[in-house]
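Numbering of residues begins at 1 and proceeds along the displayed sequence.
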Amino acid sequence: MSCGKKKAVDDGNYSEEYLTVQTKADKIWGLRNSDAAIHFMDSAFNRLPHATINDRFRFYAFHYVHYQKLKHDYDTALLYADSMIATAKNSVNPKQYSMNYAEANFARGDSYFELKQYNDAYQSYYQGYLTGKSYLNLAALGDYTYRMGMIMYKKGHYKLAASYFKDSYKQNKVENYTLNKDFVSFYRRQELLDNVGLSYRHNADNDSAIVYFDKALALINSSAPAFPDRKLHLDMARGVVYGNKAEVYIQKGDTATAMSLLRKSIAINLQPRYDNVDAELTEVKLGNLYLKMNQQDSLKNLLSDLRNQLDTIKNPDAEADYNRLLGNYYIKKNDLRSAITYIQRYNLLKDSITSRASLLMESDVNQQLANYEKQHEIDTLSNDNKLQAIYLYVIGLVAILASAIIFLVFRNWKRSKKDVLTVNILNQQINEQNHVLENALNELNISSQEKDRILRTVAHDLRNPIGGIASLTAMMAEDDYTDDQKELINLVKETSVNSLELINEILEATNIASVKLNLEPVEINSLVSNSVELLRFKAAEKGQTIILETLSKQLELIISREKIWRVISNLISNAIKFSPTGESINVKVATADEEVIVSVKDNGIGIPDKLKDQVFNMFTSAQRPGTDGEKSFGLGLSICRQIVEKHNGKIWFENNETNGSIFFVSLPAPDLSFKNQLPEQVSVPLA
C-alpha cells in the first residue's frame with residue numbers, strides 16, 4: 001500500500017483537470033446551449049480522479065446558475081445552493097471558507113427570495129454579510145450591498161437603491177478564489193451601472209439615468225475583446241440596457257430615438273437562448289408607442305408575435321400588459337365587447353401580480369436584520385458564558401489542590417521539634433491574623449460576587465417568562481378581538497419586549513468586567529465603515545443620512561474587534577435615536593498624537609448640563625426617550641465606557657454649538673508612523 005500512488009493534497013485551489021472541464025463547459029454555454037453544457041459538466045466531473053473542495057463547490061454553483069438564472073426552477077436551485085453551503089463548510093483554509101460560504105449563502109438567499117420566503121432570504125443574506133465582515137471580504141460585502149439595493153428597488157425606495165448600487169460598484173473587487181473572476185466581476189459591474197440608471201429613471205432624473213446607461217454600454221463595449229467566448233452574454237447585456245435607456249427617451253418625448261433603441265433590444269434578446277423574457281417586456285414598451293402614435297397595423301402585428309412568444313415562454317408581467325394593449329387596441333377599433341374582455345383579463349392578472357408583490361412590501365428587511373444581529377450577539381455571549389464556566393471549574397480544582405497542600409504542610413509543621421516551639425507559636429499568630437484579613441477580603445469578594453450572581457439570576461429567570469408573555473401576546477394580537485382588547489394586548493406585548501431588552505442589557509453589564517478581551521490587529525477604517533453600513537437601514541427608517549469620513553490611509557489597532565464595534569454601533573444608534581427625522585449624522589475617524597479618535601456628531605436633543613455627570617453611570621436616571629418615542633434603559637453608555645477603559649482608551653462627549661452632541665472615543669495607536677502627513681491629524685476631532 002505504501003508503494004501505491006498517493007492521493008493529491010487539497011491546498012484550497014482548483015485542480016488542473018477541473019479547470020480544463022470548466023473552460024470547455026463555459027465555451028459550450030457561450031454557444032447558447034446551457035443544457036449541453038450541464039450534460040458535459042456532469043459526465044466530465046464524474047471522471048475526475050481527485051476533485052478538490054473548490055472543484056465540487058464550483059460544480060454545484062454551475063448547476064445553481066443554470067436552474068436559477070435560465071430555467072427559473074427555484075426549488076431545484078435551492079437544493080444546489082444547500083450543497084454549496086455543505087461543501088463550503090469543509091473548506092481547508094479561512095480564505096477559501098470566507099469566499100465560498102458567503103457566496104453559497106447569497107445563492108440560497110436569492111432562491112428563497114424568488115420563492116417569496118423573504119424571512120429565510122434575509123437570514124441567508126445576513127449570514128453572507130457576517131462572513132464577509134468577519135474575514136474582511138470586500139467581494140462578499142459588495143454582493144450583500146447589491147442585494148440590499150435590489151430589495152430597496154423592488155420596494156420602490158429608488159434613491160436608497162441607487163446609493164446601494166453605487167456602493168456595491170465600489171466594493172466589487174476581483175478575488176483569487178473566483179473562477180473566471182474577470183468576467184464575473186465585469187458582468188456584475190455593468191449590471192450595477194444599469195441598475196443605477198434604472199433607479200434614476202424611476203425618480204424621473206432622466207439626465208443622470210442616461211449617463212449611467214451610457215457608462216454601462218461603454219463598459220460592455222470596452223470589455224468585449226477580452227471575452228470572445230462570451231458573445232451571447234455581452235449581446236444580452238447590451239439588449240437589456242437598450243430597452244431600459246429607451247424608457248428615458250419615452251419620458252423625454254423623443255419617440256424616434258426610443259423606438260430605435262427598443263427595436264435594437266428586441267432584435268438581440270428575441271433570438272433563441274437569449275433573454276426572451278426581457279424581449280417580451282421590451283415588445284410591450286414598443287406596443288405602447290405604437291398605440292400612442294395610432295399605428296394600429298404595427299401594433300396588431302406586434303401583438304400577434306407576442307402572443308406566440310407568450311405561449312412558449314411564460315411571463316406574467318408581459319402577459320398582463322399584453323391583455324391591456326389588446327384591450328386598448330379594440331377600443332381604438334370601437335369593438336368595446338372585445339375590449340372589455342381583455343381589460344378584465346388584465347385586471348385579474350394585475351391583481352395577482354400585485355398580491356404577490358405585497359408579500360415583499362409587508363416584509364421589514366431592516367427589522368429582520370436587526371433581529372439577526374441581536375441573536376448573533378446573544379450567541380456570542382452564550383459562548384463566552386460557557387468558557388467562563390470552564391474557567392470556574394479549573395479554579396475550583398486548583399483551590400482544592402491548594403487546600404490539600406496547605407493541610408499537609410500544617411500537619412508536618414505540628415510534628416516539628418520542640419526547640420522551635422516559640423517560633424512556631426509566633427508564626428501561628430501571624431498566620432491567624434493573615435487568615436482573619438483573608439477572610440475579611442474573601443467576604444467582601446463573595447459579597448460582590450453574590451450581588452452580581454443574584455442580579456444575573458433574577459434577570460435570567462425573568463427572561464423566560466417575559467419572553468413567553470411577549471410570544472403569547474404576539475400570537476394573540478393576530479386573533480379576532482375587539483379594538484380595546486387588541487390595544488391592551490399590544491400594550492402588554494410592547495411592555496414585554498422592552499423588559500426583555502432591559503434584561504439583556506443587565507446581563508451584559510454584569511458580565512463585561514470579567515470577560516477577557518480577544519485582542520487582534522484590526523483595520524480601524526474597515527471596522528467603522530462596517531458599523532456605519534449596517535446602521536444605514538435604521539437611519540433610513542427616520543429619513544436620516546450617515547456621513548462617514550475615514551483616514552486617508554489604512555491603520556491597524558490592537559483591539560477587540562467585536563467590543564469596539566459594539567461601542568461605535570451603540571454611539572451611532574444613540575445618535576439615530578435622539579436625532580429628529582431627516583437630520584444627518586457625522587462619523588469621523590482622525591488621529592491626534594499617538595491615538596486614533598472616532599467621533600459621532602448628531603443634531604439631536606443634546607444633553608442638559610445637569611445630566612452631564614450621569615450619562616456614563618450604570619442604571620443612570622439620565623435616560624430619556626428618543627425623538628420617535630424609542631425606549632432607553634441607561635445601560636449602553638456604561639457598557640461602552642467599561643469596554644473603552646479596558647482598552648486603555650477614553651470616552652467623553654461635548655455639546656454642539658447649536659443642537660445635539662458629539663461623542664468621542666480615543667484608542668491608543670503607538671505605532672502611528674504617518675501622523676504628520678495626514679490631513680485628519682487634529683488636537684480634537686471635529687465632526
Practice item. Can you tell me which residue pairs pass the salt bridge (Lys or Arg N to Asp or Glu O under 4.0 Å) test with a partner in residues 61-70, sequence neighbours excluded? Key: none
**Study point:** Pairs touching residues 247-256 that satisfy salt bridge (Lys or Arg N to Asp or Glu O under 4.0 Å), sequence neighbours left out
**Key:** R201-E247, D207-K252, E247-K285
Rounded at 0.5 Å granularity, tell me how far [atom1] in [X] sits from [atom2] in [Y].
| X | Y | atom1 | atom2 | result |
| --- | --- | --- | --- | --- |
| F45 | E17 | CZ | CD | 11.5 Å |
| D55 | I53 | CG | CD1 | 9.0 Å |
| K300 | S304 | NZ | OG | 8.5 Å |
| R230 | F186 | CZ | CZ | 10.5 Å |
| D75 | E114 | CG | CD | 11.5 Å |
| M99 | T131 | CE | OG1 | 11.5 Å |

Heavy-atom pair of closest approach, residues [X] and [Y]:
| X | Y | value |
| --- | --- | --- |
| I343 | N328 | CD1-OD1, 4.3 Å |
| A320 | Y346 | O-CD1, 2.9 Å |
| Q96 | N54 | NE2-OD1, 2.8 Å |
| Y212 | L193 | CB-O, 3.6 Å |
| A25 | A37 | O-CB, 3.6 Å |
| I266 | A279 | CG1-O, 4.2 Å |

Less than 4.5 Å apart, side chain to side chain, heavy atoms only: is that true for [X] and [Y]?
| X | Y | answer |
| --- | --- | --- |
| L535 | S569 | yes |
| T282 | V240 | no |
| L289 | L262 | yes |
| S265 | V241 | no |
| R536 | E533 | yes |
| S529 | L548 | yes |
| N105 | R108 | yes |
| I151 | Y125 | yes |

Check your understanding: Think R345 forms a cation-pi with Y342, using NZ or CZ under 6.0 Å from the six-ring centre and within 45 degrees of its axis?
Key ->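 Yes, R345 lies over the aromatic ring of Y342.
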Check your understanding: Within a reach of under 6.0 Å around NE2 of H39, are more than 12 heavy atoms found that belong to other residues, nucleotides or ligands?
Key -> no
Practice item. Verify the neighbour count for atom CG of D297: are there more than 12 heavy atoms of other residues, nucleotides or ligands below 6.0 Å? Key: no
**Study point:** Ring geometry between Y18 and Y14 (parallel below 30°, tilted from 30 to 60°, perpendicular above 60°)
**Key:**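 It falls in the parallel class, under 30°.
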Practice item. From the options F537, Y146, Y169, select the one residue that forms a ring-ring contact (aromatic ring centres under 6.0 Å, His included) with Y164. Key: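 Single pass found, and it is F537.
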Do [X] and [Y] have ring centres separated by under 6.0 Å?
| X | Y | answer |
| --- | --- | --- |
| Y112 | Y118 | no |
| Y153 | H202 | yes |
| Y144 | Y129 | yes |
| F106 | Y101 | no |
| F59 | H63 | yes |

Check your understanding: Are N315 and E280 close enough, and set up right, to give a side chain to side chain donor-acceptor pair (under 3.5 Å), and what steps lead you there?
Key -> CA-CA 8 Å; N315 187 338; E280 292 169 349; 3.2 Å; yes
Check: [Y] main-chain N/O paired with [X] side-chain donor or acceptor under 3.5 Å:
| X | Y | answer |
| --- | --- | --- |
| N93 | G12 | no |
| S526 | E523 | no |
| D11 | N13 | yes |
| T20 | E16 | yes |

List in chain and number order the residues that pass side-chain hydrogen bond (donor to acceptor under 3.5 Å, both in side chains) with [X], two or more places apart in sequence or in another chain; answer none if no residue qualifies.
| X | result |
| --- | --- |
| D321 | none |
| D214 | K245 |
| D143 | R188 |

Practice item. Kindly indicate, with the supporting measurements, whether the criterion salt bridge (Lys or Arg N to Asp or Glu O under 4.0 Å) is fulfilled by D35 and K71. Key: CA-CA 10 Å; D35 291 326; K71 296 299 183 181; 3.3 Å; yes
Exercise for review: Please assess F213 against Y242 for the test ring pair (Phe, Tyr, Trp, His ring centres under 6.0 Å), listing each intermediate value before the final yes or no.
Suggested key: CA-CA 8 Å; F213 287 138; Y242 288 149; over 10 Å; no
Point to revise | Sidechain N-carboxylate O distance under 4.0 Å for D110, R147 | key: yes
**Study point:** Salt bridge E541-K538, side-chain N to carboxylate O under 4.0 Å
**Key:** no
Exercise for review: Take S15 and H50, measure what side-chain contact (heavy atoms from CB on, under 4.5 Å) needs, and give me the verdict at the end.
Suggested key: CA-CA 8 Å; S15 66; H50 302 297; over 6 Å; no
Practice item. Show your working on side chain to side chain donor-acceptor pair (under 3.5 Å) between Q296 and N294 and close with a plain yes or no. Key: CA-CA 6 Å; Q296 298 184 19; N294 203 27; 3.0 Å; yes
Revision key, fill the gap. Sorted by chain and residue number, the salt bridge (charged side-chain N to carboxylate O under 4.0 Å, His left out) partners of R307 (sequence neighbours excluded) come out as D311, E319
Check your understanding: Does the pair Y126 and L130 meet the rule for a side-chain contact (heavy atoms from CB on, under 4.5 Å), with working shown?
Key -> CA-CA 6 Å; Y126 177 77; L130 197 62; 3.8 Å; yes
Check your understanding: Please walk me through it: do Y64 and H66 pass side chain to side chain donor-acceptor pair (under 3.5 Å)?
Key -> CA-CA 5 Å; Y64 168 82; H66 173 74; over 6 Å; no
Practice item. Might you work through the side chain to side chain donor-acceptor pair (under 3.5 Å) test for R324 and N347, ending with a clear yes or no? Key: CA-CA 8 Å; R324 178 181 54 78; N347 289 331; over 6 Å; no
Review point. Between M293 and M259, does a side-chain contact (heavy atoms from CB on, under 4.5 Å) hold up when you go through it step by step?
Key: CA-CA 11 Å; M293 299 176 67; M259 293 182 72; 3.7 Å; yes
Exercise for review: Let me see the working for L325 and Y322 under side-chain contact (heavy atoms from CB on, under 4.5 Å), right down to the final yes or no.
Suggested key: CA-CA 5 Å; L325 273 174; Y322 164 82; 5.8 Å; no
